[in-house]
Amino acid sequence: CEDCGKSLLGECKLHGPLIRAKDRVIPSRARLTLPHYLTLRVLELRAGNQQILGVFAKKVIQKRTQFGPYVGQLSTKLTRYDESRLVLQVLKDGGKYFLDTPNEDCGNWMMFVRLARNQEEQTLVAYQHCGEVYFTTVKVVKP
């Protein structure tokens, strides 16, 4: 305690506890890259309060709008499978690799894109160009 000059393991019985200043929460790299006309929404809440997020439009997005490239890590093996995560297989130098984003700090917002449940729900198509993966809208996307 600076007030009474004692070295203590806990709070000072005479002067009380320290006032703790908390760090400001900084959004992840993936969340910071989200274009201003898109938003993230919770699709599912899993055990342990784990949120499964999806990307939604806040304004009309025209057909043939390109997004990308998808930012992630290339690996020859898929370390863990989770149906809520977007994992893509890419071809590079004659080999097949997985393009994955294991956490929000090593990818961009495109890691939150989710697979369509059916053809009617599909708004994007993924494709590889010059070694990078991009998404293009296949129809007008409404908010």
Side-chain angles (χ1 to χ4, degrees), residues 1-3 7-143:
C1 177
E2 290 297 318
D3 293 320
S7 179
L8 305 167
L9 290 176
E11 67 182 56
C12 178
K13 291 185 176 157
L14 183 61
H15 297 102
L18 296 172
I19 299 167
R20 298 192 188 270
K22 293 183 180 179
D23 286 351
R24 195 172 112 197
V25 176
I26 299 172
S28 66
R29 180 190 192 286
R31 291 170 191 256
L32 287 171
T33 61
L34 188 70
H36 71 278
Y37 50 88
L38 298 175
T39 188
L40 297 177
R41 289 193 189 149
V42 177
L43 297 174
E44 182 183 338
L45 194 56
R46 291 192 174 171
N49 221 19
Q50 179 194 10
Q51 294 181 337
I52 304 302
L53 302 173
V55 180
F56 292 83
K58 292 196 283 187
K59 69 172 200 161
V60 172
I61 300 171
Q62 295 302 314
K63 181 179 178 180
R64 299 184 42 80
T65 300
Q66 182 188 58
F67 298 104
Y70 182 102
V71 175
Q73 297 176 337
L74 278 181
S75 62
T76 55
K77 289 175 27 177
L78 187 58
T79 54
R80 75 179 172 101
Y81 175 75
D82 179 347
E83 64 189 30
S84 69
R85 288 176 46 224
L86 181 64
V87 180
L88 302 170
Q89 191 173 45
V90 297
L91 303 173
K92 186 173 182 174
D93 302 325
K96 292 183 181 180
Y97 297 88
F98 292 102
L99 181 58
D100 188 15
T101 49
N103 65 62
E104 292 184 25
D105 288 316
C106 66
N108 63 358
W109 69 271
M110 291 167 55
M111 72 178 286
F112 299 114
V113 171
R114 299 294 170 235
L115 296 174
R117 294 175 290 190
N118 52 54
Q119 191 170 2
E120 184 179 290
E121 195 177 80
Q122 183 176 355
T123 58
L124 300 171
V125 64
Y127 60 95
Q128 189 172 340
H129 178 69
C130 295
E132 303 282 1
V133 174
Y134 296 87
F135 292 102
T136 298
T137 56
V138 293
K139 61 184 172 186
V140 172
V141 179
K142 296 179 182 175

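Because the structure is predicted, anything quoted here is derived from the model rather than measured.
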### Worked check of side chain to side chain contact (heavy atoms under 4.5 Å, CB included) between L38 and I61
CA-CA 9 Å; L38 298 175; I61 300 171; 3.5 Å; yes

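- Side-chain atoms of T137 come within 3.5 Å of backbone atoms of Q62 as a donor-acceptor pair (strictly under, hydrogens ignored).
- Summarising the geometry of F135 relative to A126, their closest heavy-atom pair is CE2-CB, 3.5 Å, with the distance given to 0.1 Å.
- The aromatic rings of F67 and Y37 lie tilted to each other, with the angle between the two planes from 30° to 60°.
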### Query
Could you go step by step and tell me if L40 and V55 meet the side chain to side chain contact (heavy atoms under 4.5 Å, CB included) rule?
CA-CA 5 Å; L40 297 177; V55 180; 3.9 Å; yes

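- Under a 3.5 Å cut-off, the side chain of R114 and the backbone N or O of L53 do form a donor-acceptor pair.
- Nearest heavy-atom pair, Y134 versus P69, reported as atom, atom and distance to 0.1 Å: CE2-N, 3.5 Å.
- Considering all non-hydrogen atoms of both residues, K92 and L74 come closest at CD-CD1, 3.7 Å.
- Scanning both residues, K139 and E120, for their nearest heavy atoms gives NZ-O, 2.6 Å.
- I26 CD1: 12 or fewer foreign heavy atoms inside a 6.0 Å radius.
- E2 contributes atom CD, which lies 11.0 Å from atom NE2 of H15 (distance to the nearest 0.5 angstrom).
- The main-chain N or O of H36 is found under 3.5 Å from a side-chain atom of K58 such that the two form a donor-acceptor pair.
- A pairwise comparison of heavy atoms in M110 and V133 identifies CE-O, 4.3 Å as the closest pair.
- A pairwise comparison of heavy atoms in R29 and G107 identifies NH1-O, 3.0 Å as the closest pair.
- Residues M111 and Y70 form a side-chain contact, since some pair of their non-hydrogen atoms from C-beta on lies under 4.5 Å apart.
- Annotation for E121: atom CD counts as buried by contact number, over 12 foreign heavy atoms lying within 6.0 Å.
- Shown here is L45, whose CG atom has more than 12 heavy atoms of other residues, nucleotides or ligands within 6.0 Å.
- Residue D23 places its CG atom among 12 or fewer non-hydrogen atoms of other residues, nucleotides or ligands, all under 6.0 Å distant.
- A distance-only check finds no donor-acceptor pair linking the side chain of T76 to the backbone of Y97 [under 3.5 Å].
- In this structure, E11 CD and L18 CG are separated by 8.5 Å, a value rounded to the nearest 0.5 Å.
- A donor-acceptor pair is defined here as one N or O able to donate and one able to accept, closer than 3.5 Å; no such pair exists between the side chain of D100 and the backbone of K77.
- No donor-acceptor distance shorter than 3.5 angstrom exists from the side chain of R41 to the backbone of G54, with no hydrogens or angles considered.
- Counting non-hydrogen atoms of neighbouring residues, nucleotides and ligands closer than 6.0 angstrom, the CG atom of L8 exceeds 12 such neighbours.
- A donor-acceptor contact shorter than 3.5 Å is absent between the side chain of Q89 and the backbone of K96.
- Note that CG of L34 is 10.0 Å distant from CG of N108, once rounded to the nearest 0.5 Å.
- No donor-acceptor pair under 3.5 Å is formed between the side chain of T39 and the backbone N or O of F56.
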